[in-house]
Amino acid sequence: MTQEKWGQLRQRLLKTVGQNNYTTWIEPLQFRGLQDGIATFDVPTNFMGNYVSQNFSDLILHELKTEDDSIRRLSFAVAANSGARPSAVDAHAPAPVAASAGKSAQSALTAAPLDKRFTFDSFVVGKPNELAHAAAKRVAEGGPVTFNPLFLYGGVGLGKTHLMHAIAWELQTRRPDLNVLYLSAEQFMYRFVQALRDRKMMDFKEMFRSVDVLMVDDVQFIAGKDSTQEEFFHTFNALVDQNKQIIISADRAPGEIKDLEERVKSRLQCGLVVDLHPTDYELRLGILQSKVEQQMQTYPDLKVEDGVLEFLAHRISTNVRVLEGALTRLFAFASLVGRKIDMDLTQDCLADVLRASERKITVEEIQRKVSEHYNIRLSDMIGPKRLRAYARPRQVAMYLAKHMTSRSLPEIGRRFGGRDHTTVMHGVKRIEELKQSDGQIAEDLELLRRSLEA
């Protein structure tokens with residue numbers, strides 16, 4: 001077996017494994033020699049030797065035997081340590097793990113900074129986020145991996161990043177021996193591109209596969225970026241195979257992320273997928289009360305009058321970050337002008353925020369919510385059927401459309417199958433009467449109203 005023969009064999013391997021695999025895994029191999037039926041190759045890193053032995057050794061051995069039938073197995077040695085005796089790697093035995101990989105990777109790979117404010121102690125738990133909080137707490141204990149990955153998703157400002165930071169802080173306290181890496185998907189992509197540019201892909205792969213807990217925030221960012229997705233996919237698989245914990249967050253469920261490869265979606269869905277639901281009124285009020293306690297440490301002389309927090313929790317319903325920012329502005333403004341925080345000051349100071357947070361509820365949204373609540377088809381509720389099972393939900397939807405939108409009665413009637421405005425008036429009046437006498441109707445209206453305003 002000669003260097004020239006190895007060069008010819010590599011060209012045959014190129015046709016078999018494809019250009020990407022060849023460039024990454026086969027081309028860097030340097031044939032050192034043949035002794036006692038063992039073909040030895042120099043490799044840049046231990047990780048690469050392990051990977052090639054696991055994934056390509058059978059193929060390489062088959063090609064080598066076509067030239068020399070005496071070759072029985074392959075051995076890989078790190079080129080920098082060529083003076084040391086190379087250890088033989090059996091193609092069917094588990095590959096050894098480099099002992100120094102963890103330490104070298106940990107020193108070379110720096111995580112994104114963590115916000116000291118984002119801990120479990122400062123996270124306000126309510127019904128919309130209690131499952132996500134419980135799952136995050138379980139992972140943060142650092143015990144055996146029970147679900148992998150933990151996938152947290154939800155809209156902007158619902159607490160995904162807070163929980164991710166809280167897990168990282170807790171793991172640092174409970175398990176300082178673990179190599180925990182937290183970074184955004186954008187940072188993952190940036191480091192991947194940097195490694196490609198500097199021709200250090202082996203270092204990149206070894207570093208990311210050496211962590212004990214990998215946390216990637218806003219994973220939807222890699223959608224549509226094919227090379228980054230492929231590398232993320234391989235990193236994901238390598239860590240799961242080693243029983244390492246992976247925690248991921250996104251702004252939507254894995255199956256709803258556009259331009260994300262099916263195999264990546266499948267991997268992300270194989271663990272525990274948890275939705276952080278939009279906050280309800282009680283949770284928003286609890287968050288405000290918690291933040292007021294923090295603000296009072298900075299502004300001990302300020303007082304918040306009754307009704308202000310309730311007003312803010314009701315009006316600013318879509319984004320907790322906006323809610324917290326509004327409170328911060330309110331305290332700063334009150335301190336600067338030397339006034340107490342009452343309703344007048346709140347409305348003056350936060351006029352733009354309150355205007356932007358006004359919820360635009362549509363008739364179509366009301367119809368959908370009501371049909372789901374009463375478990376009937378939307379077409380039946382809008383259609384001509386006059387059975388009570390359809391007529392009563394229809395009247396409830398008309399009532400809500402009248403009170404929660406700016407649409408006129410004729411416009412509402414048109415959206416309910418072209419009905420006359422007098423029909424809408426009758427429906428609204430009937431629900432107003434029933435609301436006083438029928439506790440179930442009153443409860444349904446309240447539940448639907450809160451659901452629509454959330």
Side-chain angles (χ1 to χ4, degrees), residues 47 50 94 97-99 101-115 118-120 123 129-154 159-185 187-188 191-192 204-222 229 231-250 253-254 257 260 263-276:
F47 170 77
N50 294 340
V97 178
K103 290 182 180 178
S104 63
Q106 192 168 8
S107 61
L109 193 59
T110 55
L114 299 174
D115 194 320
F118 293 164
T119 64
F120 283 118
F123 189 82
N129 60 25
E130 60 184 353
L131 176 58
H133 177 264
K137 287 282 282 185
R138 172 69 63 83
V139 170
E141 292 171 1
V145 177
T146 52
F147 30 78
N148 213 7
L150 170 61
F151 190 99
L152 305 171
Y153 77 94
K160 301 185 301 297
T161 299
H162 190 143
L163 283 178
M164 296 279 279
H165 284 227
I167 292 170
W169 283 121
E170 191 79 2
L171 283 169
Q172 284 186 12
T173 303
R174 287 173 174 261
R175 295 291 306 275
D177 57 305
L178 294 179
N179 182 8
V180 180
L181 174 64
Y182 167 82
L183 75 169
S184 68
Q187 289 169 316
F188 180 89
R191 293 179 186 188
F192 171 67
F204 175 88
K205 291 173 185 292
E206 191 166 357
M207 283 191 294
F208 271 92
R209 286 155 176 75
S210 70
V211 301
D212 297 304
V213 181
L214 176 63
M215 308 176 70
V216 182
D217 206 357
D218 291 324
V219 78
Q220 75 276 357
F221 184 82
I222 69 171
Q229 284 190 61
E231 184 54 43
F232 178 78
F233 175 79
H234 292 309
T235 299
F236 185 102
N237 285 342
L239 291 175
V240 169
D241 289 344
Q242 297 174 52
N243 204 32
K244 302 296 180 67
Q245 180 70 63
I246 300 173
I247 306 149
I248 294 169
S249 79
I257 301 177
L260 196 64
R263 60 177 181 169
V264 178
K265 288 182 183 179
S266 176
R267 285 291 185 272
L268 296 178
Q269 290 171 320
C270 69
L272 178 63
V273 179
V274 184
D275 180 10
L276 281 89

Enquirer: Could you grab the distance from atom NE2 of His133 to atom CZ of Phe123, nearest 0.5 Å is fine?
Expert: 6.5 Å
Enquirer: So, taking the atom named CD1 in Ile246 and the one named CZ in Phe232, what distance separates them when rounded to the nearest 0.5 Å?
Expert: 6.5 Å
Enquirer: What distance do Lys160 atom NZ and Ile247 atom CD1 have between them, rounded to the nearest 0.5 Å?
Expert: 15.5 Å
Enquirer: So, does His162 use its side chain to make a donor-acceptor pair with the main chain of Thr119 at under 3.5 Å?
Expert: yes
Enquirer: Excluding sequence neighbours, so at least two apart, what forms side-chain contact (heavy atoms from CB on, under 4.5 Å) with Ala168?
Expert: Leu114, Met215
Enquirer: Do Phe208 and Phe188 have ring centres separated by under 6.0 Å?
Expert: yes
Enquirer: Partners of Arg175 by side-chain hydrogen bond (donor to acceptor under 3.5 Å, both in side chains), sequence neighbours excluded?
Expert: Asp177
Enquirer: Can you name the salt bridge (Lys or Arg N to Asp or Glu O under 4.0 Å) partners of Glu231, sequence neighbours left out?
Expert: Lys205, Arg209
Enquirer: Just so I know, are the side chains of Leu260 and Pro254 near enough to count as touching, which here means a heavy-atom distance under 4.5 Å?
Expert: no
Enquirer: State which residues pass salt bridge (Lys or Arg N to Asp or Glu O under 4.0 Å) with Lys265; sequence neighbours excluded, sorted by chain then number.
Expert: Glu262
Enquirer: Apply side-chain hydrogen bond (donor to acceptor under 3.5 Å, both in side chains) to Asp218 and list each qualifying residue two or more places apart in sequence or on a separate chain.
Expert: none
Enquirer: Please report the interatomic distance CG(Leu131) to CG(Leu272), rounded to the nearest 0.5 Å.
Expert: 6.5 Å
Enquirer: Has Gln245 got a side-chain atom pairing as donor or acceptor with Phe147's backbone, closer than 3.5 angstrom?
Expert: yes
Enquirer: Which pairs pass salt bridge (Lys or Arg N to Asp or Glu O under 4.0 Å) with one or both residues in residues 131-146, sequence neighbours excluded?
Expert: none
Enquirer: Shortest non-hydrogen contact from Arg174 to Ala140?
Expert: CD-O, 3.3 Å
Enquirer: When rounded to the nearest 0.5 angstrom, what is the spacing between CG in Leu181 and CG in Leu239?
Expert: 9.5 Å
Enquirer: Please enumerate all residues that pass side-chain contact (heavy atoms from CB on, under 4.5 Å) together with Ala253, with sequence neighbours excluded.
Expert: Tyr153, Glu256
Enquirer: Checking Asp212 now: which residues fulfil salt bridge (Lys or Arg N to Asp or Glu O under 4.0 Å) with it, not counting sequence neighbours?
Expert: Lys244
Enquirer: State which residues pass side-chain hydrogen bond (donor to acceptor under 3.5 Å, both in side chains) with Gln229; sequence neighbours excluded, sorted by chain then number.
Expert: none
Enquirer: To the closest 0.5 Å, what do you measure between CZ (Phe233) and OG (Ser266)?
Expert: 8.0 Å
Enquirer: So which atom in Gln187 and which in Ser184 form the shortest heavy-atom distance, rounded to 0.1 Å?
Expert: OE1-N, 2.8 Å
Enquirer: Scan residues 142-152 for pairs that pass salt bridge (Lys or Arg N to Asp or Glu O under 4.0 Å), counting only residues two or more places apart or in two chains.
Expert: none
Enquirer: Who passes ring pair (Phe, Tyr, Trp, His ring centres under 6.0 Å) against Phe192, sequence neighbours left out?
Expert: Phe204
Enquirer: Are Tyr182 and Thr161 side-chain neighbours, meaning at least one heavy-atom pair lies under 4.5 Å?
Expert: yes
Enquirer: Pair Leu183, Leu214 - check side-chain contact (heavy atoms from CB on, under 4.5 Å), show working.
Expert: CA-CA 8 Å; Leu183 75 169; Leu214 176 63; 4.0 Å; yes
Enquirer: Among Val264, Ile248, Val216, which one satisfies side-chain contact (heavy atoms from CB on, under 4.5 Å) with Phe236?
Expert: Ile248
Enquirer: Quick one: side-chain contact (heavy atoms from CB on, under 4.5 Å) partners of Ala136, sequence neighbours excluded?
Expert: Phe120, Leu163, Ile167
Enquirer: Which atom names give the shortest non-hydrogen contact between Ala250 and Ile257, and what distance separates them?
Expert: CB-CD1, 4.1 Å
